[in-house]
Every structure is written in structure tokens, then in C-alpha cells.
Amino acid sequence: MTSPLQILNNPFLNKGTGFTMEERKELGIAGLLPPKVQTLEEQADQTYQQYLSKPSDLEKRLFLMEIFNTNHTLFYYLFSQHVVEFMPIVYDPTIADTIENYSELFVDPQNAVYLSIDQPDTIESALKAGADGRDIQLIVVTDSEGILGIGDWGTNGVDIAVGKLMVYTAAAGVNPENVLPVVLDTGTNNQTLLDDPLYLGNRHPRVRGEKFYNFVDQFVQKAEGLFPNLYLHWEDFGRENAANILDKYKNEITTFNDDIQGTGIIALAAVLGAMNITKEKITDQTYLCFGAGSAGAGIANRMYEEMRQEGLSEADARKRFYLVDKQGLLFDDMDDLTPEQKPFARQRAEFDNADDLKDLLSVVKTIHPTIMVGTSTQPGSFTEEIVKEMAAHTERPIIFPLSNPTKLAEAKAEDLLAWTDGKALIATGIPVAPVEYKGVTYEIGQANNALVYPGLGLGTIAATAKLLNDEMISAAAHSLGGIVDPSQPGAAVLPPVSQLTKFSETVAIATGQSAIDQGITKQPVTDIKAAIEELKWTPKY
């Protein structure tokens, strides 16, 4: 039997002052709370006023985490009332500050599971303990090697898994009782952490190779065995491992990598939105990616798959892609290409000036891109000269500076509009306020994966899909890309985050219906809308 103090200390059960007098007597907690009984709405109003009193975004996030750690219902009710305001606080960009200071700020394990490569024999028991009898349907797991734009943060990166799951619930109504954040601590190569006496993770360099992959496989096998209806979401693994892990499991289990697939979906949706505005075809575009890591290569691959679905041959589709990384334009004779980069690497014989294509400007001058996507984490790299050069050769340049947090963005939206005389179609990786330019208000689409991955997960789980495949992913992208109103001056290429819950359901329906149409569900599902409604959780007492 659960003791009175256990009830008050369990965020899944605790209502705080929301417990009625009858409940307090029945549960044995009468006298353990102030006598006034508050409604959820009253609690939320009071909590929000406290939130507003905090002097910085970091302190606001820490305060919200206190609420999350004590009362999930109150936290998610409050989140649902202030989605646009809370998103950059609960997740990116403020979460980067808490990750960098996680060990110093540590108070509560946040219902997360910490798996150490030095103790693989504890994987199963730790997962069982973390689940605590709950029906786990969704795990977000990270090894924290490639956190946002800030790199390797070891065990500190557990916050990214916690934050991601918060958005699943706030955006799509995934029940917080059915989720579990997991961090795989395989060490860190961040010397600052290794030298920090307060660091809470394994104090040794990252383990590589066979031992690493065996550890990951042990986790997958134990998780799949314990939770038969599991949707497994990989987050912020390094470029050396991310695609390898996804490729190994994507045809075996229901799994998803947000950095590779989620970023690709939202970027494709933004391009489809831009096509609605320009009335052009995606198959006529010339695509330039600046920053060819997991995210950049993943976006390129999603665009490529879309061009193939639109009728281009493999060879014709490949010709439309140019990837630029630290080496310059990627060529097939380079010996340091990743497996994800190789399919898009060009031949030097294609260019008279191949040896000169070592910087972004020279590449833009040579290939005249119509789409330029930045995932480089190189702030200010989309310069005025580069942008004006691009705009000189295309009527509506499509420019997506997607790197985040804010300090790492390739360009500012207001500069892109000024340099292109208002013609650029822009999506950013961070929230940006509308921009006034020559009497027109330009709404700036945020290529926020939160517009995609919560609905994608909800639809996949509701349909009981055996796999998450390319057809489902394409359906999700098209469901968002078709929402743009091209008749509106200054229209954004993506729907606003303010309507996150509405569009999460749109994505969920499209994703789940695709699985049903393909016949890849574990159980018969005839009405995906009904299945989604049955699964969705609403924060209420």
C-alpha cells in the first residue's frame, strides 16, 4: 500500500492542494497540506505568477522543473495554457544552459534512467525500476554526444530526453505515465566535464567500437523485452554512431531518430510550404546543405527521397544536391566522408574550378542554389555577400538557417529579408518574432521538430505500427507542408508553434493512416482518429 508521504512525493499521483477533503481523509494525508482546497485552474494561476517573477529564462526553467518533479498534472496543464511562451524555456534554447550546468544544479533524477556502460548487468533492473510497473510505450534515449549545437555533455544530456518527452505530452497528449527518459553513459570526451569535480557521469573518455554497439544492443534487447509496445526514439547521438544505430534497428523495431529523420521531416515540410507559395516543383530545385553532419545529411536524404517519389531517377535526383562541410564541397575522392555523406559527394570532373570550391561563397557562385539549408553551427556564415549572390539567380530564394541555439544561427531572419528585398522564404531553427519590412509583416516559420515528432510518435503508437517507414514519414511532412496559405503576404512556410496541439493531431492522423493503409500494424485498427483520441491524455484532476 502506498503511504501518505509516497503519494505526496509521487508526481504521477500528487495533486498538492488539489486533493479534496474526502480524498485527504481516504488517503491519510489530512493535515499534511494547508486546509484550503484549490482547483487546478487556481493552482495554475498561482504557479504562473510565481513563474513570471523569475528574473531569467534559466531560473524560469528551473522553477518549472520543480513543478514537473512534484505534480505532472499541474505542470502539463500550465504548459498547455502557455505553449508558445514555455517552449523555448522548457526546451531549446534554454535547455542548453541547464545541460551545461546539470551536475552543478542536480536536485532530482526526474524519473529518468541512467545506464552506465561500466555496469551493463544493471540495464534490465534499472529499466524495471524506472518503469515502476507503468506501461512504457515511449522511450527517448540519448548518449549526449551531439547535444543541440553544444556537443558532448555526457550524463548531463539526460535533460534532453526529459525535455523531449515533455513536448510529446504537451503537444500530442502522450500520457506521461507511459514514457521513460534514458541516458546511456558511455563516457565523455568533454575535458571540462572530466576535470569538473562535480560532474556526475562516468569519468573516462567515450567508449567506441564493438563494446559501444554491444552496450546499445543490450539496452535495445532489454527494453524491447520489457516493453512490448515500445516506440524507441534516439536523440543527439554523435555523427559517428547515429546513422549506424538507426540503420541497424529501423527495419526490426518501431524506432525513430529525431536528428536524422525528424529534422528531415520538418525541413521537407518547410520546403513543401515554400513550393505552395512559389508554385514551383521540388524536382526543379537545386539544393545546398551547409553543415553535413547527422542533421544536414538526414535533411538532404529526406529531400532526395521526396524527389524520387515525385518521379526523378536516382541519378537525376542526386544531381540536384550539393553538401558543404568543413572541407568545402564534398567530393567522392575524400577519405573522411561519413556513410551518410558519400551518396551526395560530387565528382571533381563536374567542375572546372573544383579545387576552388573550399568555401560556401565559391560554391554558391558556382552552383546557383535555389534552396540553402544551414546545419553548420557556424554563426553568421550566411553572409550578405553569399545571400545576395544566391538571390541574383533565383526569384524566391529558400533559406533555412537551422542551427541552434540562437548564438549558433547562420543568419538572422531580418537580415535575410533585407538582403533579398523581402523575397527570401525563411525557416529558422529558433523562434523568431514577425519581421516588418517595407510595410509587410513577414511571419517566420520555425523549423521546430516539435511540430513533427510528437504527432509522428502518437500516430505510430495509436496505429500499433510495427515499423516507422519512409511512407509514414513522407505522409507526416505532406500533412504539415500543405497547411501554408500562399495568398497571405509575408506568409510563413510552416504553421505556427502556437497551434502545436492542432497540428500534432494532423501529423498523427496522417502517420497512423499511412501505417494502416500499408497493413503494417500489430493489431487491427480501422479508425485512426478514434484510436488517437482514446490514447490521448488530458491534464486534469
Side-chain angles (χ1 to χ4, degrees), residues 11-12 68 72 75-76 79 90-91 110-113 115 126-143 158-184 219-237 245-246 249-250 252-262 265 449-468 472-473 476 500-501 504-505 507-508 511-512 515 521-523 525 528 531-539:
F12 296 102
F68 173 78
H72 282 354
F75 172 82
Y76 285 114
F79 199 163
V90 168
Y91 197 63
Q110 301 170 150
N111 303 114
V113 172
L115 300 179
L127 291 172
K128 281 183 179 178
D132 194 26
R134 295 179 290 131
D135 175 22
I136 301 301
Q137 299 179 6
L138 169 62
I139 286 177
V140 173
V141 58
T142 184
D143 78 342
V158 69
D159 255 6
I160 211 77
V162 174
K164 215 77 176 183
L165 287 170
M166 289 175 174
V167 179
Y168 266 109
T169 298
V174 173
N175 192 329
E177 288 198 30
N178 301 137
V179 309
L180 188 66
V182 175
V183 62
L184 303 182
F219 158 69
V220 171
Q221 300 310 320
K222 296 297 185 184
E224 289 289 320
L226 290 169
F227 315 122
N229 299 313
L230 182 63
Y231 179 89
L232 183 56
H233 171 141
W234 307 92
E235 186 69 28
D236 286 342
F237 283 71
I245 292 171
L246 180 63
Y249 297 108
K250 68 181 181 181
E252 297 179 7
I253 61 175
T254 313
T255 195
F256 168 72
N257 183 301
D258 191 43
D259 307 293
I260 297 173
Q261 295 167 296
I265 297 168
N449 290 17
L451 287 170
V452 173
Y453 72 79
L456 193 77
L458 177 65
T460 302
I461 295 168
T464 70
K466 298 175 184 176
L467 303 170
L468 174 62
M472 295 163 68
I473 287 172
L500 183 59
T501 54
S504 291
E505 185 166 344
V507 171
T511 304
T521 62
K522 299 174 184 176
Q523 302 169 16
V525 179
I528 187 60
I532 287 169
E533 283 305 311
E534 183 178 352
L535 192 63
K536 285 175 68 174
W537 175 80
T538 301

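All heavy atoms count here, side chains included; hydrogens, waters and symmetry mates do not.
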NZ/Lys128: more than 12 non-hydrogen atoms of other groups inside 6.0 Å: no
Close side-chain approach of [X] to [Y], heavy-atom, < 4.5 Å:
X	Y	result
Val220	Glu252	no
Thr464	Asn229	no
Leu467	Met472	no
Thr255	Leu246	yes
Gln110	Asp159	yes
Ile253	Leu230	no
Leu184	Phe219	yes
Glu505	Glu533	yes

Going from [atom1] on [X] to [atom2] on [Y], what distance comes out if it is rounded to the nearest 0.5 angstrom?
X	Y	atom1	atom2	answer
Leu458	Tyr168	CG	OH	10.0 Å
Leu468	Thr511	CG	OG1	7.5 Å
Leu127	Leu226	CG	CG	6.0 Å
Tyr231	Asn178	OH	CG	15.0 Å
Leu138	Lys164	CG	NZ	12.0 Å
Asp258	Ile265	CG	CD1	8.0 Å

Is a donor on one side and an acceptor on the other found under 3.5 Å between the side chain of Thr254 and the backbone of Lys466? yes
If we ignore hydrogens and angles and just use 3.5 Å, is the side chain of Thr142 paired with the main-chain N or O of Glu235 as donor and acceptor? yes
Heavy atoms only: give me the nearest [X]-[Y] pair and the separation to one decimal.
X	Y	value
Ala223	Ile139	CB-CD1, 4.3 Å
Ala476	Val507	CB-CG1, 3.8 Å
Ala161	Val140	CB-O, 3.5 Å
Thr521	Ala463	CG2-O, 2.9 Å
Pro454	Ala172	O-CB, 3.5 Å
Ala462	Ile532	CB-CG1, 3.7 Å

For Asn111 and His72: C-alpha separation, side-chain torsions, deciding distance, then whether side chain to side chain contact (heavy atoms under 4.5 Å, CB included) applies. CA-CA 11 Å; Asn111 303 114; His72 282 354; 3.8 Å; yes
Could you go through Asn257 and Lys250, starting from their C-alpha distance and side-chain angles, then the distance that decides it, and tell me whether this counts as side chain to side chain contact (heavy atoms under 4.5 Å, CB included)? CA-CA 9 Å; Asn257 183 301; Lys250 68 181 181 181; over 6 Å; no
What's the verdict on side chain to side chain contact (heavy atoms under 4.5 Å, CB included) for Tyr249 and Leu232, showing C-alpha distance, side-chain angles and the deciding distance? CA-CA 10 Å; Tyr249 297 108; Leu232 183 56; over 6 Å; no
Can you classify the ring geometry of Phe79 versus Phe75 as parallel (below 30°), tilted (30 to 60°) or perpendicular (above 60°)? perpendicular
Parallel, tilted or perpendicular, as decided by the 30° and 60° cut-offs, for the rings of Trp537 and Tyr76: perpendicular
Check: Asn175/Gln137 side-chain N/O donor and acceptor closer than 3.5 Å: no
Check against side chain to side chain contact (heavy atoms under 4.5 Å, CB included), Val141 and Val183: CA-CA 6 Å; Val141 58; Val183 62; over 6 Å; no
